[in-house]
Amino acid sequence: MRIDEMSSAAFAEAVKDDPVVFLPMGAVEAHGPHLPLGTDTFQPEHVVREVCGRTGGLIAPTINYGQHSSTRNFPGTLDITFDTLRALVTDVLAALQRNGIRKVVIVSGHLGSIHRSAIKLACEHAARQGMKVMMLSDYELAYDKKPDVCEGIPDGHGGIIETSRIMDIRPDLVSEERSVGEFVDMHFMVHADAERCLPQGFGGDARKASREKGRLVNEYVVNGLADLVKKNFEG
């Protein structure tokens, strides 16, 4: 059940059952010419909705902005700073705790390391305040299926797996014209123009994506997260 669709009274009643609250975290980020800017939002929202249907719980409104480096200067990427993201998640978790929520699962559709570090710091603060928190990107589960769907080809941002997942979730938003995105090794150098590591804004052979592959990966992610929630929050 979505928190933003509930009345105040209904929410207060639901909190009495000590529910797990799922907080999907999306982004507005370039994913090449074939995928929508909301790619990193549609995926965690889908996963959270499916998992919540299996395990029970409440779904908090999605946080739709994140921190970006390698795609920051591509058209359409709307980013916030590390400090803003950390503070935002800290405040949302504090507000949930003030409302009696004790258990939260954060699922980020964006896998960026700096982005995840900001969220993790906020989660650690919440944990010190007594909240039970799980935090992951759904791609930490999805990439387990690389051997099954990528045919040994290097894959990453906007590539085979991500394109396939969106073809399963929102096929209406995926372009039929897809190509290959190049990866450029930075050899550990830090550059002001970080987007040079993904010249086309994505990496991998998106031509090899399919809805069937996306369904396989999405089901794996949903099953995996549902198992984690049951293991860590039930009983």
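Note that the numbering runs from 1 along the sequence shown for the chain.
Between Leu136 and Ser108 the shortest side-chain heavy-atom distance does not fall below 4.5 Å. Contact annotation: the side chain of Asp138 approaches that of Arg165 to within less than 4.5 Å [non-hydrogen atoms, C-beta and beyond]. In this structure, the side chains of Leu23 and Val92 come closer than 4.5 Å at one or more pairs of heavy atoms. The shortest side-chain heavy-atom distance between Tyr65 and Leu78 falls under the 4.5 Å cut-off. In this structure, Ile106 and Met25 have side chains that are in contact, with non-hydrogen atoms separated by less than 4.5 Å. In this structure the side chain of Glu234 never reaches within 4.5 angstrom of the side chain of Val229, judged on heavy atoms. Considering only heavy atoms from C-beta on, Val107 stays 4.5 Å or farther from Pro24 through its side chain. Between Val21 and Ile3, some side-chain heavy-atom pair lies under the 4.5 Å cut-off.
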Any chance you could lay out the side chain to side chain contact (heavy atoms under 4.5 Å, CB included) test for Leu216 and Val149, step after step, and finish with the verdict? CA-CA 9 Å; Leu216 173 70; Val149 302; 3.8 Å; yes
Does the side chain to side chain contact (heavy atoms under 4.5 Å, CB included) test come out yes or no for Lys213 and Val217, once each step is laid out? CA-CA 6 Å; Lys213 290 179 178 179; Val217 175; 5.5 Å; no
Test salt bridge (Lys or Arg N to Asp or Glu O under 4.0 Å) on Asp148 and Lys145 and set out the steps. CA-CA 5 Å; Asp148 298 316; Lys145 304 306 288 182; 2.9 Å; yes
Show your working on side chain to side chain contact (heavy atoms under 4.5 Å, CB included) between Met134 and Leu225 and close with a plain yes or no. CA-CA 10 Å; Met134 178 187 294; Leu225 182 55; 4.1 Å; yes
May I have the step-by-step check of side chain to side chain contact (heavy atoms under 4.5 Å, CB included) for Val104 and Leu96, ending in yes or no? CA-CA 9 Å; Val104 175; Leu96 288 169; 4.2 Å; yes
Set out, in order, the CA-CA distance, both residues' side-chain angles and the distance that settles side-chain hydrogen bond (donor to acceptor under 3.5 Å, both in side chains) for Glu195 and Asn73, then state yes or no. CA-CA 7 Å; Glu195 66 275 6; Asn73 291 322; 3.2 Å; yes
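Looking at Arg207, its side chain never comes within 3.5 Å of a backbone N or O of Arg178 through a donor-acceptor pair. Side chain of Arg170 to backbone of Met167: no donor-acceptor contact under 3.5 angstrom is found. Using a distance-only test at 3.5 Å, with no hydrogens or angles considered, no donor-acceptor pair links the side chain of Thr55 to the main chain of Ala226. At least one donor-acceptor pair under 3.5 Å links the side chain of Gln97 to the backbone N or O of Gln129. Within the 3.5 Å criterion, the main-chain N or O of Phe74 finds no donor-acceptor partner in the side chain of Thr71. For Glu50 (side chain) and Val47 (main-chain N/O), no donor-acceptor pair under 3.5 Å exists by modelled atom type. Judged by distance alone, with hydrogens and angles left aside, the side-chain atoms of Ser164 form no donor-acceptor pair with the main-chain N or O of Arg211 at under 3.5 Å. For Gln200 (side chain) and Glu182 (main-chain N/O), a donor-acceptor pair under 3.5 Å exists by modelled atom type. Under the 3.5 Å distance criterion, the side-chain polar atoms of Ser117 are matched with a main-chain donor or acceptor of Ser113. Counting only distance, with no hydrogens or angles, the side chain of Glu5 and the backbone of Met1 share no donor-acceptor pair below 3.5 Å.
Among residue pairs with one or both ends in residues 75-85, those qualifying as salt bridge (charged side-chain N to carboxylate O under 4.0 Å, His left out) are Arg72-Asp79, Asp83-Arg86; sequence neighbours excluded. Among pairs with a residue in residues 129-184, those fulfilling ring-ring contact (aromatic ring centres under 6.0 Å, His included) read His31-His157, Tyr139-Tyr143, at least two apart in sequence or across chains. For residues 27-43, the set of pairs meeting the salt bridge (charged side-chain N to carboxylate O under 4.0 Å, His left out) definition, not counting sequence neighbours, is empty.
Smallest separation of non-hydrogen atoms from Ser175 and Pro33: CB-O, 4.3 Å. Closest approach of Ser70 and Leu198 over heavy atoms only: OG-CD1, 4.1 Å. Taking each heavy atom of Gly100 and Val15 in turn, the nearest pair found is O-CG1, 3.6 Å.
One hydrophobic cluster, built from ILVMFWY side chains closer than 4.5 Å, holds both Leu88 and Met135. No single ILVMFWY cluster, assembled from side-chain heavy atoms under 4.5 Å apart, contains both Leu173 and Ile160. Cluster membership check: Ile101 shares its hydrophobic cluster with Ile119, using side-chain heavy-atom separations under 4.5 Å among Ile, Leu, Val, Met, Phe, Trp and Tyr. Linking Ile, Leu, Val, Met, Phe, Trp and Tyr whenever their side-chain heavy atoms come within less than 4.5 Å puts Val222 and Val105 in one cluster. Hydrophobic clustering (ILVMFWY, side-chain heavy atoms < 4.5 Å, transitive): Ile161 and Leu141 are in one cluster.
Partners of Asp193 according to the side-chain hydrogen bond (donor to acceptor under 3.5 Å, both in side chains) rule, which considers only residues two or more places apart in sequence or in another chain, are Arg196. With sequence neighbours left out, the ring pair (Phe, Tyr, Trp, His ring centres under 6.0 Å) criterion links His110 to His68, His115. For Asn64, the side-chain hydrogen bond (donor to acceptor under 3.5 Å, both in side chains) criterion is met by Thr41, not counting sequence neighbours. With sequence neighbours left out, Phe202 forms a ring pair (Phe, Tyr, Trp, His ring centres under 6.0 Å) with His34. With sequence neighbours excluded, the residues forming a side chain to side chain contact (heavy atoms under 4.5 Å, CB included) with Arg98 are Ala95, listed by chain and number. Evaluation of the side-chain hydrogen bond (donor to acceptor under 3.5 Å, both in side chains) rule for Arg215 yields Asp168 as partners, not counting sequence neighbours. Scanning for side-chain hydrogen bond (donor to acceptor under 3.5 Å, both in side chains) contacts around Lys208 gives an empty result, with sequence neighbours left out.
A 6.0 Å sphere centred on CE of Met6 holds more than 12 heavy atoms belonging to other residues, nucleotides or ligands. Around NZ of Lys120, the count of heavy atoms belonging to other residues, nucleotides or ligands within 6.0 Å does not exceed 12.
For Lys146 and Asp155, the salt-bridge test fails: no basic side-chain N is under 4.0 Å from an acidic carboxylate O.
With Phe233 as the aromatic partner, Lys103 does not meet the cation-pi criteria of under 6.0 angstrom to the ring centre and within 45 degrees of the ring axis.
Of the N and O atoms on the side chains of Thr62 and Glu45, at least one donor lies less than 3.5 Å from an acceptor on the other residue.
Through chains of ILVMFWY side-chain contacts below 4.5 Å, Leu121 is grouped with Phe82, Ile114. Cluster note: Phe188 groups with no other residue, as no ILVMFWY side-chain heavy atom lies under 4.5 Å from it.
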